[in-house]
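Please read all numbers here as calculations on a predicted model, not as lab measurements. Order of the sequence lines sets the chain letters (A, B, ...), proteins ahead of strands, with each chain counted from 1.
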Amino acid sequence: MNLVEELRWRGMIHDIMPGTEEQLAKEMTAAYIGYDPTSDSLHIGNLASIMMLVHLQRAGHKPFALVGGATGMIGDPSGKSEERVLLDEPTLRFNQICIQKQLEKFLNFNVQPNAAEMVNNYDWTKDFSFLQFLRDVGKHLTVNYMMAKDSVKKRMESGTGISFTEFSYQLVQGYDFCWLYEHKNVKLQMGGSDQWGNIVTGTELIRRKLGGEAFALTCPLITKSDGGKFGKTEEGNIWLDPQKTSPYKFYQFWINTSDEDAADFIRKFTLFSKEEIELFTKQHNEAPHLRILQKTLAKDITIRVHSADDYNAALEASEILFGKGTTQTLKNLSEETLLAVFEGVPQCEIKENAISEGLNIVDFLSEKTQIFDSKGEARRMLKEGGVAINKEKIAESFLVTGACLLKGKYILVQKGKKNYFLVKVES
RNA sequence: GGGGAGAUACCAGAGCGGUCAAAUGGGGCAGACUGUAAAUCUGUUGGCGCAGCCUUCGGAGGUUCGAAUCCUCCUCUCCCCA
């Protein structure tokens, strides 16, 4: 199966420039995707495009991961309704290093002849003078052309307008493609569908400036069946950085996807073959309560993004928290397991003397541990039966005492069905 | 430059002198049902010492026993004419 066919059945093609498939069939083709260092970690929204590079390499082509040290300094107007605040340079450089490290995990940099390469557009942009840029790059495209781009048009129509800086973004990105075409023989740029306009500016620039032919391929924006934004939870993005999103939370995110989404995500985010996925889907439909799709999906991604150990820990924690575990099994856990299992669970601390005489549950949940923002909220949820201590539902009259402690110093608080907190009691 | 409309809780959007902590819808959260799913139903959605009190309706003043509601000024947004 060739790359385009592969991506197509996975639902990962949104737009493809005519001739792209022929180019890929003709020879080993180098392609790139860019990542701007707008944050110190990639999030799962970036995962789809990373997978495109992975598929590319598996199909025998050569992937380039570009870190946007330069473009990140400008700000991409695509999909943004308002001008963005510029990040300062130390932050950008720091983010750039973090993102680079994360990208390295997914690609093979040693296989010949199509080893992956990492490039940074800052390298070929930093010494490019403004005047030179205007003469060498700006001259090839009309402002009319640039203004016709959706990303620009939208901002021109909105009240907020667009700065010259962000307006120029497509030129900088377009030039990247041009540079890579010229120096690295990169003939294809891929990315999310929101990047189509920028990518086409690149192919256009290559055509006019170098007389060359280059191609574009984008994948659709990942969506959820219920219309919600993919990859966001109440607490924010799901990050690839385990410091920002613990492997446990990461695993939980995938486990919680709906049936409909799981069938879609497993195609896009794992490397299972068509036959395997069809089998999983069949098994899932026969016994939906086993949630084979979610489990397979969560396992595969967690292992690939984090590690097998992280997966096992997340799985164990999940089984204790969501399985048939009772207060008794909790009490029987060794302190070591307890801590290991709850590593990814939010934790807070409380002084032992606060509970020695019995502490009102409302104060415990709000003032002392901040598990709830206010006492009113804590009371409300207690009334609704949404709070459990050590897996036992409790009422508003409950008193927190030494008898609640696991291993003499831990209390497991459950807010609603899925949110756990580990409270450490310090003497 | 002239004329008009508006700014209300997370969002949308009622309220137009007391009965307004503010209708309704969406979203969020929780409960039931389940499969840690979806759909559905129910409850809840400013704070607190919670049958009471405190702080909220763009900002600052004022009228009034009493204002989200009336007046003045300010800030911002939108629309129409030039």
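In this structure A:D363 satisfies the salt bridge (charged side-chain N to carboxylate O under 4.0 Å, His left out) test together with A:K375, sequence neighbours excluded. With sequence neighbours excluded, the residues that form a side-chain contact (heavy atoms from CB on, under 4.5 Å) with A:N120 are A:Q96, A:Y122, A:D123. Every residue was checked against the side-chain hydrogen bond (donor to acceptor under 3.5 Å, both in side chains) condition with A:N390, not counting sequence neighbours, and none meets it. Residues that satisfy the side-chain contact (heavy atoms from CB on, under 4.5 Å) test with A:D300, not counting sequence neighbours, are A:T270, A:F272, A:R304. Take A:N114 and apply the side-chain contact (heavy atoms from CB on, under 4.5 Å) test, not counting sequence neighbours, and it matches A:M28, A:Q57, A:K62, A:V111. With sequence neighbours left out, A:A395 forms a side-chain contact (heavy atoms from CB on, under 4.5 Å) with A:S397. Remark: A:S307 engages A:D310 in a side-chain hydrogen bond (donor to acceptor under 3.5 Å, both in side chains) (not counting sequence neighbours).
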In a table with atom names and distances, give each donor-acceptor pair under 3.5 Å that connects a side chain of residues 42-51 of chain A to protein atoms at least two apart or in another chain.
unit_1	atom_1	unit_2	atom_2	d
A:H43	ND1	A:G45	N	3.1
A:N46	OD1	A:H43	N	2.9
A:S49	OG	A:Y35	OH	2.9
A:S49	OG	A:N46	O	3.1

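Annotation: proximity of residues 285-297 of chain A to RNA chain B (heavy atom, distance under 4.0 Å) is found for A:P288, A:H289, A:R291, A:Q294, numbered in ascending order. Proximity of residues 358-365 of chain A to RNA chain B (heavy atom under 4.0 angstrom from any strand atom) is not detected for any residue.
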Return a single string for nucleotides 42-47 of chain B, one symbol per nucleotide in 5' to 3' order, where B is base contact, S is sugar-phosphate-only contact and - is none, cutoff 4.0 angstrom on heavy atoms. -BSS-S
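For B:A37, the OP1/OP2 oxygens have a side-chain nitrogen or oxygen of A:K418 closer than 4.0 Å.
Checked for salt-bridge contact, A:K282 and A:E278 miss the test: no charged N lies under 4.0 Å from a carboxylate O.
Judged as a side-chain hydrogen bond (donor to acceptor under 3.5 Å, both in side chains), the pairs with a partner in residues 332-346 of chain A (not counting sequence neighbours) are, in order, A:S334-A:T337, A:E335-A:K409, A:E335-A:Y410.
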